[in-house]
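Predicted model only: the values in this text are computed from it and were never measured. A, B, ... follow the sequence lines: proteins, then strands. Residue 1 opens every chain.
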Protein chains: 2
Amino acid sequence: MRISELSRGSGVSLPTVKYYLREGLLPPGRAMGRNQAEYGDAHLRRLRLIRALIDVGNLSVAGVRQVLQAVDDAELPGHDLLGTAHEAVAGSPRADRSTSGWQAARAEAARIVADRGWLVHERAAALDQLADAIAALRELGQEDMLAMVDGYAEATERLAVQEVGLVLARGDRAAMVEGVVTGTVLGEAVLTALRRLAQEHTSAGLTEPG
Amino acid sequence: MRISELSRGSGVSLPTVKYYLREGLLPPGRAMGRNQAEYGDAHLRRLRLIRALIDVGNLSVAGVRQVLQAVDDAELPGHDLLGTAHEAVAGSPRADRSTSGWQAARAEAARIVADRGWLVHERAAALDQLADAIAALRELGQEDMLAMVDGYAEATERLAVQEVGLVLARGDRAAMVEGVVTGTVLGEAVLTALRRLAQEHTSAGLTEPG
DNA sequence: GGATAGTGGATAGTGATGCTATCCACTAGG
DNA sequence: CCTAGTGGATAGCATCACTATCCACTATCC
């Protein structure tokens with residue numbers, strides 16, 4: 001398979017394919033001569049994964065590279081891959097994390113997790129993100145929204161068992177690795193889309209007739 | 001309150017405050033002279049809301065403007081505000097929605113919602129986002145992940161009742177409007193952070209010891 | 001009343017990001 | 001041999017979210 005077929009087969013423009021090669025998102029093809037290289041099915045699948053992570057998962061090119069490096073690291077335990085995927089979707093923090101309000105929110109996040117008995121790395125990026133959100137809610141005087149935290153935690157805990165089980169049910173390592181990435185990133189897209197739909201349905205039912 | 005106090009009080013740099021004024025995110029202060037204007041507490045709260053939507057909610061400046069215009073529209077029913085908030089968080093679509101694969105995914109999204117008995121506008125942005133994710137999962141050969149859809153739908157349905165109830169419990173319209181926006185955007189941040197933490201906990205428990 | 005810090009308003013510049021375009025010497029395939 | 005296509009390099013572009021500078025002017029303090 002030549003580069004133009006790779007482009008046509010994936011719907012990604014040829015200059016963009018070259019760009020992904022340059023950026024190291026896509027491994028180089030097998031060189032067959034000074035200006036000829038051979039790409040395989042793996043390249044096509046990889047290219048589709050890249051597009052899904054960027055288009056649906058809203059990952060940056062840098063985030064995608066980070067994830068794919070972890071995917072390609074055969075040594076990395078599956079659990080660490082999950083952490084890497086979570087860091088990549090997190091992106092770089094935009095909130096100010098030096099204020100006392102944030103520190104308090106961060107402590108609150110740690111407490112929520114501890115109360116649940118969840119065992120997570122204390123430097124997990126998701127803890128910081130939870131703190132970002134809690135700090136923002138408090139600063140806006142919307143702390144009553146924090147009443148939802150219990151419900152969220154309970155729901156996500158139940159879902160996580162299913163999600164992790166689904167991935168572990170796959171036989172081989174390679175399939176599990178892909179499952180971690182797609183489950184994390186695309187699963188999140190599915191979940192938030194459904195959340196919005198559920199909200200719209202409920203809001204229509206509770207506000208319109210009354 | 002002068003513009004520099006507004007800047008200091010919110011932690012937003014003065015040039016950025018001016019930028020938000022230019023962009024119409026922040027309403028102009030009450031003019032007290034040719035080059036003097038008076039800002040109030042409402043400006044400070046608005047500025048904090050803007051930062052939360054951008055930093056935590058990952059909204060674009062255009063998205064924030066869209067949301068705030070809806071917030072300020074006293075005529076708009078609460079339910080339509082929810083739809084506007086959902087459109088703003090959606091951003092502009094990056095996936096290709098003209099393929100037959102996407103059309104099929106879109107039909108599947110509509111079917112999922114219909115099977116649940118959810119009543120949502122058939123042009124809801126969230127339906128397209130759900131289709132984006134479903135199409136991506138299928139294209140990647142990860143359709144077994146769609147087994148999670150039922151669990152997600154059930155969980156989000158239950159949560160939506162609590163969420164909408166929480167907002168409706170607020171007395172006045174203004175507080176409800178703010179609740180819709182923060183609940184949608186910041187609630188999503190809380191939910192996804194907790195999802196990641198739950199996944200890490202579950203993954204550690206199921207993969208490490210075995 | 002004079003110095004100074006700050007103001008609103010306008011315009012231009014910046015850095016990051018994600019491509020897109022062009023050029024090149026070269027070569028596979030008809 | 002001709003043409004379309006290749007890998008590789010470099011440069012350009014549009015968008016976004018600020019950031020910086022300049023201006024005439026004014027409130028305020030001494």
Side-chain angles (χ1 to χ4, degrees), chain A residues 1-40 43 47 50-68 88-96, chain B residues 1-40 43 47 50-68 88-96:
Chain A
M1 194 186 266
R2 283 159 289 180
I3 197 172
S4 61
E5 297 175 73
L6 194 54
S7 165
R8 272 191 297 278
S10 63
V12 178
S13 80
L14 201 145
T16 301
V17 174
K18 284 184 166 187
Y19 168 65
Y20 291 158
L21 283 165
R22 279 202 305 280
E23 292 297 312
L25 302 193
L26 204 54
R30 212 155 45 87
M32 306 297 286
R34 187 168 293 280
N35 68 341
Q36 219 73 17
E38 179 71 11
Y39 302 91
H43 286 93
L47 201 40
I50 293 168
R51 292 310 311 186
L53 295 180
I54 290 176
D55 288 340
V56 183
N58 286 313
L59 291 221
S60 65
V61 166
V64 173
R65 181 168 41 228
Q66 203 176 321
V67 169
L68 293 181
V89 290
S92 48
R94 285 203 274 232
D96 181 3
Chain B
M1 193 187 266
R2 281 159 292 181
I3 197 172
S4 62
E5 299 177 70
L6 194 56
S7 164
R8 273 193 296 277
S10 63
V12 178
S13 80
L14 201 146
T16 301
V17 174
K18 284 184 166 189
Y19 168 65
Y20 291 159
L21 283 165
R22 280 203 303 280
E23 292 296 312
L25 303 193
L26 204 53
R30 213 156 42 88
M32 306 296 287
R34 187 167 293 282
N35 69 341
Q36 219 73 18
E38 180 70 11
Y39 301 91
H43 285 94
L47 202 39
I50 292 168
R51 293 311 311 186
L53 295 180
I54 289 176
D55 288 341
V56 183
N58 286 312
L59 290 220
S60 65
V61 167
V64 173
R65 181 169 40 227
Q66 203 176 321
V67 168
L68 294 181
V89 290
S92 47
R94 284 203 273 233
D96 181 2

A/L47 has an atom CG; how far is it from atom C1' of C/dC19, in whole Å? 14 Å

Using whole Å, what does the distance between atom P of nucleotide D/dG5 and atom CG of A/L14 come to? 10 Å

Closest non-hydrogen atom pair between B/L47 and B/S10, with its separation: CD2-OG, 3.3 Å

Let me know the distance between NE2 of A/H43 and C1' of D/dT6, rounded to the nearest Å. 15 Å

Base, sugar-phosphate alone, or nothing: which one does B/R8 contact when heavy atoms must sit under 4.0 Å apart? nothing

Nearest-Å distance for atom pair CD1/P, residues B/I50 and D/dC18: 10 Å

Protein-nucleotide distance (B/N35, atom CG; C/dG8, atom P), rounded to Å: 7 Å

Does a side-chain N or O from A/Y20 land closer than 4.0 Å to OP1 or OP2 of C/dG18, or not? no

Taking only N and O in the side chain of A/S13, is any of them less than 4.0 Å away from OP1 or OP2 of C/dT20? yes

So, is B/Y39 close to the C/dG8 phosphate, meaning a side-chain N or O under 4.0 Å from OP1 or OP2? yes

Only residue of B/L14, B/L21, B/V17 satisfying side chain to side chain contact (heavy atoms under 4.5 Å, CB included) with B/L6 is B/V17

Phosphate contact (D/dC18 OP1 or OP2) by B/R51 side-chain N/O below 4.0 Å: yes

N-O pairing of B/E5 and B/R2 below 4.0 Å: yes

Apply side chain to side chain contact (heavy atoms under 4.5 Å, CB included) to residues A/D55 and B/D96 and explain how you reach the verdict. CA-CA 9 Å; A/D55 288 340; B/D96 181 2; over 6 Å; no

Assign B/L21 to base, sugar-phosphate, or nothing according to its heavy-atom contacts below 4.0 angstrom with the strands shown. nothing

Against the side chain of B/R22, the closest entry in C/dG18, D/dT6, C/dT11 is C/dT11

Return the nearest nucleotide to the side chain of A/Q36; candidates are D/dT26, D/dT6, C/dG8. D/dT6

In Watson-Crick or G-U wobble terms, with both distances under 3.5 Å, the base opposite D/dA11 is C/dT20

How long is the line joining CG of B/L6 and P of C/dG6, in whole Å? 15 Å

Grab the CG-P distance between B/D96 and C/dC19 for me, whole Å please. 14 Å

Could you check which of D/dA17, C/dT7, C/dT11 has an atom nearest any side-chain atom of B/Y19? D/dA17

Rounded to the Å, how far apart are A/R30 CZ and D/dG7 C1'? 16 Å

Looking only at side-chain N and O atoms, does B/T16 come under 4.0 Å of OP1 or OP2 in D/dA17? no

Quick check: on DNA chain C, is the nucleotide nearest B/R34 upstream (toward 5') of the one nearest A/K18, or the reverse? Name the residue that is more 5'. B/R34

Is the shortest side-chain heavy-atom distance between B/Y19 and B/V61 below 4.5 Å? yes

Proximal nucleotide (of C/dC19, D/dC18, D/dT6) relative to the A/I54 side chain: C/dC19

Start at the 5' end of DNA chain C and walk down; is the nucleotide closest to A/L59 or to B/I3 reached first? B/I3

Identify which nucleotide among C/dG8, D/dT19, C/dA21 has an atom closest to any side-chain atom of B/A37, counting heavy atoms from C-beta outward. C/dG8

In Watson-Crick or G-U wobble terms, with both distances under 3.5 Å, the base opposite D/dC30 is C/dG1

Residues B/Y20, B/V64; criterion side chain to side chain contact (heavy atoms under 4.5 Å, CB included); working and verdict: CA-CA 10 Å; B/Y20 291 159; B/V64 173; over 6 Å; no

Students often get this wrong, so: under 4.0 angstrom with heavy atoms, is B/R2 touching a base, only sugar-phosphate, or nothing? sugar-phosphate

